[in-house]
Amino acid sequence: MNRRNFIQSGALFAGGLLISFKIPTAKKMAALGEAKAGVPFSPNAFLNIGTDNSITVVLSHVEMGQGIWTTLPMLIAEELDVSLDQITVKHGGADKIFDHTLYGVQITGGSSTTWSEFDRYRNAGATARTLLTQAASKRSGIPIQDCKTENGTVTAGERKFTYGELAADAALLPVPENIPLRNKADWKYIGKSIKRLDAKVKTNGEAIFGMDIQFPGLLTAIVVHPPVFGGKVKSFNDSNSKAVSGVRQVVKIPTGIAIIADHYYAAQQGKKALQVIWESSSNAGLSTIKQTAAYKKLAATNGQTVQEKGDAGAGLLKSVKTLKAEYVFPYLAHAPMEPLNCTVKLEKDSCEIWTGTQIPTTDQAAAAKILGLAPEKIKINVPFLGGGFGRRATPTSDFVSEAVHIAKACGKPVKLVWSREDDIRGGFYRPFVVHNVTTGLDQNGMPTAWKHNIVGQSIMKGAANVLGELKTPIDDTSVEGVKGSPYLTSIPDHFVGLHTTKELIPVLWFRSVGYTHTAYVMETMMDELAHNAGSDPVEYRRGFFKEHPRHLAALDLVAEKGNWKEALPAGRFKGVAVAESFGSYVASIAEVSISNGQVKVHKIDCAIDCGLAVNPEGVKAQVESGIIFGLTMALYGEISIKDGKVQQNNFYDYKIGRIHESPEINVYIVDSDDKMGGVGECSVPPTAPAIANAIFAATGKRVYNLPLMNHQLLAKK
Amino acid sequence: MTVLNVNEKAYEIDASKDMPLLWALRDLLGLTGTKFGCGVAQCGACTVHLDGEAVRSCVTKIERAVGKRITTIEGLSPDSDHPLQKAWIEFDVPQCGYCQSGQIMSAAVLLRENPTPTDQDIDDAMAGNICRCGTYLRIRAAIHQAAKMQREGKKS
Ligand code: FES
Ligand code: FES
């Protein structure tokens with residue numbers, strides 16, 4: 001990365017008070033110049049140091065549970081020589097400045113924050129430290145090499161300056177280039193377990209989420225959405241709604257009818273009283289049963305080529321034995337704990353928005369378009385996100401657009417709140433996917449041919465405005481994990497095909513995206529092959545990892561720590577799975593038992609190679625979180641459709657794993673200097689297949705469709 | 001006018017007696033620490049105490065709360081120093097944090113009634129609280145730790 005790109009200027013503010021970096025244009029400089037002395041002006045830099053010794057780290061990425069509120073400040077603190085308790089943290093709003101260093105758009109996703117900001121945030125800290133040291137040297141006349149920084153101060157000979165005392169001077173100095181970063185051996189924070197900086201406000205009610213935005217005059221809106229995707233309002237009668245005390249207005253918007261009221265309860269009553277007649281939608285005939293049959297039929301034929309070597313058809317004919325499997329995966333709702341919401345305040349020619357979003361600039365553009373305003377007239381404030389998992393990164397800005405439409409229609413500041421039912425039934429799901437796999441084996445049970453077709457909707461086709469148009473007909477998020485699988489590359493005759501389908505049901509990236517299903521298919525299939533060959537499932541996989549040392553390291557570590565070779569007590573069974581995703585390598589061993597037809601997961605051992613673990617305890621917490629997420633997906637995750645309608649409503653029929661279902665989890669981090677990968681999503685993929693493989697050990701039966709709650713499991717006698 | 005006694009303060013509100021306590025707390029009194037997660041007593045995010053008992057405020061009508069002591073996360077301790085709050089920080093429990101007010105309010109009742117809870121006791125008491133971020137193991141560990149702190153604090 002060219003450091004020149006991001007540090008364009010130190011800056012002097014009214015009263016000469018703040019250092020900031022990456023101030024993009026002269027125009028903005030002028031605007032910033034009007035900021036009040038000592039008050040952080042505008043959240044468009046990574047780091048501000050005030051004369052009052054305040055040190056503010058501004059986040060380019062958003063905190064949604066993954067711990068970035070702590071990790072990014074660690075990177076600054078490491079280079080700036082301050083302690084973490086001196087730092088105040090805040091989210092940046094929507095700004096090009098905060099564009100992802102690789103993706104070129106402002107986005108928190110793809111388990112990418114830590115590796116993608118590792119240099120940028122350390123550089124921000126190092127640059128500030130250098131400028132402050134130079135300022136101290138100038139002030140004291142002591143040569144720069146004799147000035148030492150420590151804990152927010154510079155010691156120059158006999159004199160000691162706080163960073164705040166030097167901030168104004170430092171702001172006037174030219175920004176240096178090519179500042180060396182600290183050596184690993186000198187790191188104080190990086191690689192150490194640091195406690196979350198947002199823990200306290202998240203235990204006393206002080207943390208502000210989008211849902212918690214309040215100000216005088218703010219109204220609450222609820223939307224009555226069509227019962228079938230693509231449905232439109234034919235007519236409605238709002239007289240009973242308007243009669244509800246506290247209901248202010250009822251307005252038609254593109255996505256339904258909005259009830260606007262003094263508070264949520266009144267809006268909810270108004271919603272109950274509303275009478276709507278819907279036009280029938282072309283989607284009204286859709287059902288999961290029909291969709292399953294249609295997708296299975298497609299999956300039996302070759303789709304567009306994703307990856308091919310030799311001749312899979314001929315290879316299968318030559319093989320000694322073939323194994324076939326057909327897998328079905330349902331739609332899944334993210335169900336973040338904080339229901340979706342967005343607050344909009346319109347002024348004459350500007351607009352202010354508060355919402356928990358993973359893609360602020362995309363939402364800003366969407367709002368600007370609806371309002372006919374320039375994007376910079378839209379100010380986006382991002383409070384804490386009560387979970388995201390991908391749902392708060394909707395390329396269509398669905399709930400933000402809806403809120404803007406409501407504010408525009410009613411002309412008052414309004415907070416749109418989705419109910420849990422709106423969230424569960426509102427679409428943007430992990431796609432419904434079918435895989436059809438045939439493997440051909442030689443006399444040793446090793447695969448020599450592999451034919452694999454995948455059927456599902458494309459996520460990326462709906463995301464061109466965020467991540468650009470697809471360059472090929474293949475959406476990688478449909479096939480990642482099969483494409484490039486270390487197992488496939490060694491198979492002389494193989495074919496992977498994709499059928500991309502179209503449905504009115506909107507789909508979206510969901511924590512670990514395509515790997516949610518591809519890892520399940522590959523890892524249960526490999527397990528089947530291992531058992532067929534009479535091999536140990538760990539040893540069988542190891543044979544494929546000769547040129548994949550990071551897969552191997554994760555697998556070996558978990559096999560060792562999880563005592564793979566040791567027999568379990570009667571009634572307990574184990575299964576293993578390993579998957580690479582988002583640049584990290586994760587292997588898991590699940591230990592289960594079967595009772596009353598259902599699986600009980602007792603323990604998951606998990607090893608991750610994510611390269612450098614910047615905050616090891618944070619890595620562990622995310623790995624645990626991903627495992628519970630994967631467990632929920634495996635046990636309960638299912639959105640099904642009948643007559644075009646989603647069958648699930650709320651947590652009573654879209655179940656989430658609870659504390660008594662949580663297994664013991666042990667996380668092991670591979671000591672690795674390899675390229676940094678992601679963490680937040682990476683323990684999801686191997687979880688479900690490890691459990692399914694343990695179920696096979698217990699029952700002798702393979703599970704080819706999820707969730708597990710739909711299966712009556714029976715332990716082998 | 002209805003009078004609610006929340007965190008040892010009396011508030012007068014103008015609302016229908018059917019209004020769930022959750023919305024009275026959040027939308028009328030501005031006490032946003034209590035969260036809305038499901039609205040149907042399924043997730044526990046809205047847990048508060050009524051005369052010391054944990055209730056789901058999303059399905060508790062305000063008429064039921066009149067004349068009772070209502071305690072929300074904001075009133076659990078004077079300086080965020082309840083043993084559970086300290087243990088939550090020590091064990092890095094919160095992730096997104098959205099469920100944690102409810103988790104702590106549920107755990108507080110458990111801890112008062114059972115100073116030495118087992119894993120099973122914790123599971124029984126906490127099974128009504130969903131955490132989509134999956135912080136359950138840390139919750140369990142932190143409750144044990146808070147129980148220990150509470151016992152030691154009482155000895156001294
Ligand atoms: S919001 Fe009350 S239990 Fe979920
Ligand atoms: S911490 Fe996110 S839901 Fe519990």
Side-chain angles (χ1 to χ4, degrees), chain A residues 63-67 193 195-196 198-209 211-212 214 220 245 262-265 268 334-339 384-389 417 419-421 617-618 621-622 624-629 631-632 650-652 656-662 664-665, chain B residues 15-16 18-20 22-24 26-28 30-40 42-43 45 72-77 79-80 82 84-86 88-90 92-101 104 120 122-124 126-140:
Chain A
E63 175 61 54
M64 47 189 178
Q66 83 282 38
S193 285
K195 297 219 177 299
R196 294 184 69 111
D198 57 353
K200 187 170 182 190
V201 296
K202 288 179 172 177
T203 53
N204 63 12
E206 274 175 27
I208 297 295
F209 298 85
M211 192 69 92
D212 304 330
Q214 296 186 334
T220 298
S245 156
D262 290 343
H263 45 71
Y264 187 90
Y265 180 61
Q268 203 182 21
H334 308 67
M337 208 65 220
E338 178 197 10
F384 280 122
L385 282 68
F389 315 120
V417 177
S419 65
R420 178 58 61 194
E421 288 79 4
E617 197 56 33
Q622 279 311 292
E624 292 163 10
S625 171
I627 288 170
I628 301 292
F629 200 87
L631 176 74
T632 288
N650 200 317
F651 293 134
Y652 50 81
I656 306 294
R658 292 173 185 263
I659 193 167
H660 61 285
E661 294 156 311
S662 294
E664 172 191 343
I665 297 176
Chain B
S16 105
D18 292 338
M19 185 184 215
L22 170 67
W23 299 111
R26 289 184 55 85
D27 286 1
L28 303 182
L31 291 168
T32 55
T34 305
K35 301 301 188 206
F36 165 54
C38 70
V40 293
Q42 288 289 311
C43 76
T72 70
I73 187 74
E74 290 92 343
L76 180 66
S77 64
D79 298 303
S80 311
H82 188 284
L84 286 165
Q85 289 168 315
K86 288 201 230 162
W88 245 241
I89 293 168
E90 187 180 332
D92 273 334
V93 176
Q95 290 192 17
C96 84
Y98 194 78
C99 73
Q100 300 296 350
S101 300
I104 290 172
Q120 185 63 50
I122 292 172
D123 282 3
D124 291 346
M126 303 300 292
N129 287 77
I130 292 176
C131 175
R132 185 58 162 147
C133 298
T135 63
Y136 300 122
L137 299 174
R138 286 166 191 265
I139 287 174
R140 210 183 274 155

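Numbered from 1 within each chain, the chains take letters A, B, ... in sequence-line order.
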Name the option with the most non-hydrogen atom pairs under 4.5 Å to chain A; the candidates are B:His82, B:Met126, B:Lys35. B:Lys35
Atom CD1 of B:Ile104 and atom OG1 of A:Thr203: how far apart are they, to the nearest 0.5 Å? 5.0 Å
Could you tell me if the side chain of B:Arg26 sits less than 4.5 Å from the side chain of A:Asp212, heavy atoms only? yes
More than 12 heavy atoms of other residues, nucleotides or ligands under 6.0 Å from NZ of A:Lys200: yes or no? no
Under a 4.5 Å heavy-atom cut-off, does chain B meet the side chain of A:Thr632, its backbone, both or neither? side chain
Heavy-atom cut-off 4.5 Å, strictly under: side chain, backbone, both or neither for A:Ser193 against chain B? neither
Give, for atom CD1 of A:Ile659 and atom SG of B:Cys131, the distance between the pair rounded to the nearest 0.5 Å. 9.5 Å
Could you report the tightest heavy-atom contact between A:Pro339 and B:Tyr98, atom names first, then the distance? CD-OH, 3.9 Å
B:Asp27 side chain to A:Tyr265 main-chain N or O, any donor-acceptor pair under 3.5 Å? no
Honestly, the part of A:Gln214 sitting under 4.5 Å from a heavy atom of chain B is side chain
Spacing of CG belonging to A:Leu631 relative to OH belonging to B:Tyr136, to within rounding of 0.5 Å: 9.5 Å
So, taking the atom named CD1 in A:Ile628 and the one named SG in B:Cys133, what distance separates them when rounded to the nearest 0.5 Å? 11.5 Å
Note: vs chain A, highest number of non-hydrogen pairs under 4.5 angstrom among B:Ser16, B:Gly33, B:Pro20 is B:Pro20
Is there a salt bridge (Lys or Arg N to Asp or Glu O under 4.0 Å) between B:Asp123 and A:Arg658 once you walk through the steps? CA-CA 9 Å; B:Asp123 282 3; A:Arg658 292 173 185 263; over 6 Å; no
Taking side chain as C-beta onward, heavy atoms only, is B:Cys96 less than 4.5 Å from A:Phe384? no
Are the side chains of A:Lys202 and B:Gln95 in contact, using a 4.5 Å heavy-atom criterion? no
Side chain, backbone, both or neither: which part of A:Leu385 has an atom under 4.5 Å from a heavy atom of chain B? backbone
Could you tell me which portion of B:Ile139 (side chain, backbone, both or neither) has an atom closer than 4.5 angstrom to a non-hydrogen atom of chain A? side chain
Side-chain heavy atoms of B:Gln42 within contact of A:Arg420, under 4.5 Å: no
What part of A:Val201 lies closer than 4.5 angstrom to a heavy atom of chain B: side chain, backbone, both or neither? neither
Taking B:Asp92, B:Val93, B:Asp124, B:Ile122 one by one, which has the highest count of heavy-atom pairs under 4.5 Å against chain A? B:Asp92
Structural part of A:Asp262 lying under 4.5 Å from a heavy atom of chain B: neither
I'd like to know if the side chain of B:Arg132 and the backbone of A:Met337 have a donor-acceptor N/O pair within less than 3.5 Å. no
Is it the case that the side chain of A:Arg196 and the backbone of B:Pro94 share a donor-acceptor pair, with hydrogens and angles ignored and the cut-off at 3.5 Å? yes
Checked A:Ser245, A:Ala207, A:Gly205 vs chain B; the most non-hydrogen pairs under 4.5 Å come from A:Gly205
Select, from A:His334, A:Gln268, A:Gln66, the one with the greatest count of heavy-atom pairs under 4.5 Å involving chain B. A:His334
Please name the pair of heavy atoms, one in A:Asn650 and one in B:Cys38, separated by the smallest distance, quoted to 0.1 Å. ND2-O, 3.1 Å
Parallel, tilted or perpendicular: which describes the rings of A:Tyr264 and B:Phe36, with under 30° parallel and over 60° perpendicular? tilted
Measure the CG-NE2 distance between B:Leu28 and A:His263 for me, rounded to the nearest 0.5 Å. 5.5 Å
Toward chain B, the part of A:Ala621 with a non-hydrogen atom under 4.5 Å: both
With only heavy atoms counted, which part of A:Ile208 is less than 4.5 Å from chain B, the side chain, the backbone, both or neither? side chain
Interatomic distance, A:Ile656 atom CD1 to B:Ile130 atom CD1 [nearest 0.5 angstrom]: 5.5 Å
For a salt bridge (Lys or Arg N to Asp or Glu O under 4.0 Å) check, start with the C-alpha distance between B:Arg140 and A:Glu664, then their side-chain angles and the critical distance, and finish with the verdict. CA-CA 11 Å; B:Arg140 210 183 274 155; A:Glu664 172 191 343; over 6 Å; no
For A:Met211, is it the side chain, the backbone, both, or neither that has a heavy atom closer than 4.5 Å to a heavy atom of chain B? both
